[in-house]
Amino acid sequence: MKIAANTIVSFHYALTDQTGEVIDSSSERHPLTYLHGHSQIIPGLERQLESLEPGAKATLVVPAAEAYGLHNPEVVFEVERSRFPATLDVSPGAHVMAQGTDEPRVFTVVELREKTVLLDANHPLAGKDLHFAVEVADVRAATSEELAHGHVHDGVEHGH
Ligand code: ZN
């Protein structure tokens, strides 16, 4: 069966950035499983997986705009150092949790300045073109219950 809307897809992947550095990968034994056509994975990857069949191997390049978005310079801002607990790691590259306008979110420390910390609220992968080496493990039709719930039920226990 080919990957199409309303199929349940399992695939292995290794994700690298444009420099070849590995960012993430599925584990040897557990591929990533998702319901295709329901925006459960990044849009550029979902679109490029379309029509692949089990056993297919491919290298898919997803431009930043179709992955985690372009880097938005308007959400890079300075915060007074005194507002951070002294024990908190605020070295460049560290991720800190802070209250956003509605929910806690993760910020990346860009730079330490004399009295302030420069924070970036972009997703850490924003602005990056992503390279996925994928191998499709399984494709099957979603059950009517999975479609009604909008998610995969393999090994998932929940009360509804
Ligand atoms: Zn469910």
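Just follow the structure's listing: the first ligand is 1, and inside any ligand the first atom is 1.
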Name of the [X] atom (N/O/S only) found closest to the Zn ion (ligand 1):
| X | result |
| --- | --- |
| H149 | ND1 |
| H151 | NE2 |
| H153 | NE2 |

* Classify the ring geometry between F77 and F107 as parallel (under 30°), tilted (30 to 60°) or perpendicular (over 60°). =>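 Judged by the thresholds at 30° and 60°, the geometry between F77 and F107 is perpendicular.
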
* Asked: Using the ring of each side chain (for Trp, its six-membered ring), is H151 parallel, tilted or perpendicular to H149, with breaks at 30° and 60°?
  -> perpendicular

* To do: Kindly determine whether Y13 and D24 satisfy side-chain hydrogen bond (donor to acceptor under 3.5 Å, both in side chains), including the steps that lead there.
  => CA-CA 8 Å; Y13 69 95; D24 190 19; 2.8 Å; yes

* Asked: Salt bridge between R140 and E146, side-chain N to carboxylate O under 4.0 Å?
  ->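 Between E146 and R140 there is a salt bridge, with a charged N closer than 4.0 Å to a carboxylate O.
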
